Amino acid sequence: MPDTRAVAPLLLSWYDRHHRSFPWRVPPAEGQRGLRAQPYHVWLSEVMLQQTTVQAVMPYFERFRTLWPRVEDLAAAETEDVMKAWAGLGYYARARNLKKCAEAVARDHGGRFPDTEEGLRALPGIGDYTAAAVAAIAFDRPSAVVDGNVERVVSRLFRVEESLPAAKREFRALTASITPKERPGDFAQAMMDLGSTICTPRRPVCALCPLNGHCLAYRTGAEIETYPRKAPKKEKPVRRGAAFVARAADGAIFLRRRIDSGLLGGMSEVPSTAWSARTDGATEADAAPFAADWQPCGSVTHVFTHFSLELTVFAADGLEAIRRNDGWWEPATSLSGAALPTVMKKAIALAFPQALAS
DNA sequence: CATACGTGGTT
DNA sequence: TAACCAAGTAT
């Protein structure tokens, strides 16, 4: 077994020299002087970073912080504006829960985030990972912060043979065994930095790792890339459907709002048929939301987490923007700022290449 | 415990 | 290029 006491000092020393800088972070030197990142910023960044890359998150984080500087501002915002600001980041339940969480903090906690893992865990959109991360980073709690990076580091450090997701409990216990009471927030961020820059999924740079002297997988000559062990994945089915992009004479595009639950919940869309597993290849101009001169203009493919979608796109142009109760005509000038998920932007761009240029 | 839930980048 | 991956959560 690795010497669990030796890990944290080595890792923190490495972090002091090699930490990455982000808008939501406080550098370790300032942390040592007692400065802490704002819980609101830590929480916002952690939610955005769930299953999402730092690069993708960066502009969204800055945008949210500008639009809503405090959690009370976010709590008071229009949900539709939050969805618009989140559009393109994916996993839209996060945006809905983000708003609910802000409201709960403002209403039930006087605008202050709970400072314990348990208190945080009870809020919408905050699970085991985020509760532990916010508790450690914002409130100096020695919680076991386990994300995908940490699972990878720990699985190699201790050469864990059990597969994910069954190994979750073991990873949590092992992480707790190396988490220090001093600087737990820096330790958590250091583990994640190590996982994303040194202990990478493929081609890890073990020669530069501050923990290589204690890493069981490294010391025993194991095939390091094969950790963590994972259960085999299921293959993605293909679903098909049709989308109808209607443009008025003034350039407005007809949009609808999807129901709050399920895929792309609460986001905007162009009228579409259901997405089925049907493979007969029929076109369905007759499934259009209203009568018009619908012209087929090709198809777009979009890959979701658990299926691929092939969307046949129909377009109609120069329509009279008659008022309808099942949607609205989004003006050309505001279309690019609408709450449109990427798949819908693809469909609109195929029908009218300049529509989203704005 | 398994499944639903986005998107864009990398290999 | 198909596969894999990225700071997970809710049900």
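Predicted model only: the values in this text are computed from it and were never measured. All chains are named by letter (A, B, ...) in the order of the sequence lines, taking the proteins before the strands, and each is independently numbered beginning at 1.
Side-chain nitrogen and oxygen atoms of A/H302 include at least one within less than 4.0 Å of the OP1 or OP2 phosphate oxygen of B/dT7. The shortest distance between the side-chain N/O atoms of A/T342 and the OP1/OP2 oxygens of B/dG6 is not below 4.0 Å. Distances shown here put every side-chain N or O of A/R94 at or beyond 4.0 Å from the OP1 or OP2 atom of B/dG6. Listed pair A/Y92 / B/dT7 meets the phosphate criterion, a side-chain N or O lying under 4.0 Å from OP1 or OP2. For A/H306 and B/dC5, the shortest distance from a side-chain N or O to OP1 or OP2 is below 4.0 Å.
Using a 4.0 Å heavy-atom cutoff across all strands shown, A/G262 reaches sugar-phosphate atoms only and no base atom. At a threshold of 4.0 angstrom between heavy atoms, the contacts of A/Y60 with the nucleic acid are absent. Across all strands shown, A/R96 has no heavy atoms under 4.0 Å from either base or sugar-phosphate atoms. Within the nucleic acid shown, A/W24 comes within 4.0 Å of at least one base atom, counting heavy atoms only. Among the heavy atoms of the strands, none lies under 4.0 Å from A/V150. Using a 4.0 Å heavy-atom criterion, one finds that A/G265 contacts no nucleic acid atom at all. Nucleic acid contact class of A/L264 (heavy atoms, under 4.0 Å, all strands): sugar-phosphate only.
The listed nucleotides are C/dC5, B/dG6, B/dT7; the one nearest the side chain of A/K233 is C/dC5. Nearest nucleotide to the side chain of A/K230, out of C/dG8, C/dC5, B/dG6: C/dC5. Taking only side-chain atoms of A/K234, from C-beta outward, the nucleotide of B/dT3, C/dC4, B/dG8 with the closest atom is B/dT3. Closest to the side chain of A/D147, out of B/dT7, C/dC4, C/dG8, is C/dG8.
Distance A/K345 NZ to B/dG6 P: 15 Å, rounded to the nearest Å. Counting to the nearest Å, the P atom of C/dG8 and the CH2 atom of A/W43 are 17 Å from each other. We find that CD of A/Q189 is positioned 18 Å from P of C/dA6, with the value rounded to whole Å. The CE-C1' distance, from A/M344 to B/dG6, rounds to 12 Å in whole Å. Computed from coordinates, the A/M48 CE to B/dG8 P distance equals 15 Å when rounded to whole Å. Rounded to whole Å, atom C1' of C/dC5 lies 17 Å from atom CE of A/M192. Atoms OH (A/Y91) and P (C/dT11) sit 16 Å apart, rounded to a whole Å. The distance between atom CZ of A/F304 and atom C1' of B/dT3, rounded to the nearest whole Å, is 16 Å.
In terms of the salt bridge (charged side-chain N to carboxylate O under 4.0 Å, His left out) criterion, A/D147 has no residue partners (sequence neighbours excluded). With sequence neighbours left out, A/D260 forms a salt bridge (charged side-chain N to carboxylate O under 4.0 Å, His left out) with A/R257. A search for salt bridge (charged side-chain N to carboxylate O under 4.0 Å, His left out) contacts involving A/D128 returns A/R121, not counting sequence neighbours. Here A/E117 pairs with A/R172 under the salt bridge (charged side-chain N to carboxylate O under 4.0 Å, His left out) rule; sequence neighbours left out.
The gap from the C1' atom of B/dG6 to that of C/dC4 amounts to 15 Å, rounded to the nearest Å. B/dG8 and C/dT9 are spaced 22 Å apart, taking the P atom of each and rounding to whole Å. For the P atom pair drawn from C/dA6 and B/dA4, the interatomic distance equals 22 Å after rounding to whole Å.
No more than 12 heavy atoms of other residues, nucleotides or ligands shown are found within 6.0 angstrom of CZ on A/R5.
Using a 4.0 Å cutoff on non-hydrogen atoms, no part of residues 114-144 of chain A comes near DNA chain B. Listed by residue number, A/P201, A/R202 are the residues of residues 197-209 of chain A with a heavy-atom contact under 4.0 Å to DNA chain C.
In this model, a side-chain donor or acceptor of A/T52 finds a partner on the base of B/dG6 within 3.5 Å.
Checking A/V303 against A/A166, the closest nucleotide of DNA chain B that is more toward the 5' end is the one next to A/A166. Residues A/Q50 and A/Q55 both approach DNA chain B. Their nearest nucleotides, taken by heavy-atom distance, put A/Q50 toward the 5′ side. Checking A/N97 against A/K236, the closest nucleotide of DNA chain C that is more toward the 5' end is the one next to A/K236.
Taking the ring centroids of A/F244 and A/W294, they lie under the 6.0 Å cut-off.
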**Asked** Between A/E269 and A/R258, is a salt bridge (Lys or Arg N to Asp or Glu O under 4.0 Å) present by the stated rule, with each step listed?
**Response** CA-CA 7 Å; A/E269 66 170 2; A/R258 294 175 64 88; 2.9 Å; yes
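A/M191 pairs in a side-chain contact (heavy atoms from CB on, under 4.5 Å) with only one of the listed residues (A/D186, A/V145, A/I178), which is A/I178.
Side-chain contact check for A/F254 versus A/V245: every heavy-atom pair is 4.5 Å or farther apart. Side-chain atoms of A/L311 and A/H302, non-hydrogen and from C-beta on, never get closer than 4.5 Å to each other.
Ring pair A/H41/A/F61 is perpendicular by interplanar angle, where above 60° counts as perpendicular and below 30° as parallel. Ring geometry for A/W329 against A/F290 counts as tilted: the plane angle lies between 30° and 60°, on a 0 to 90° scale.
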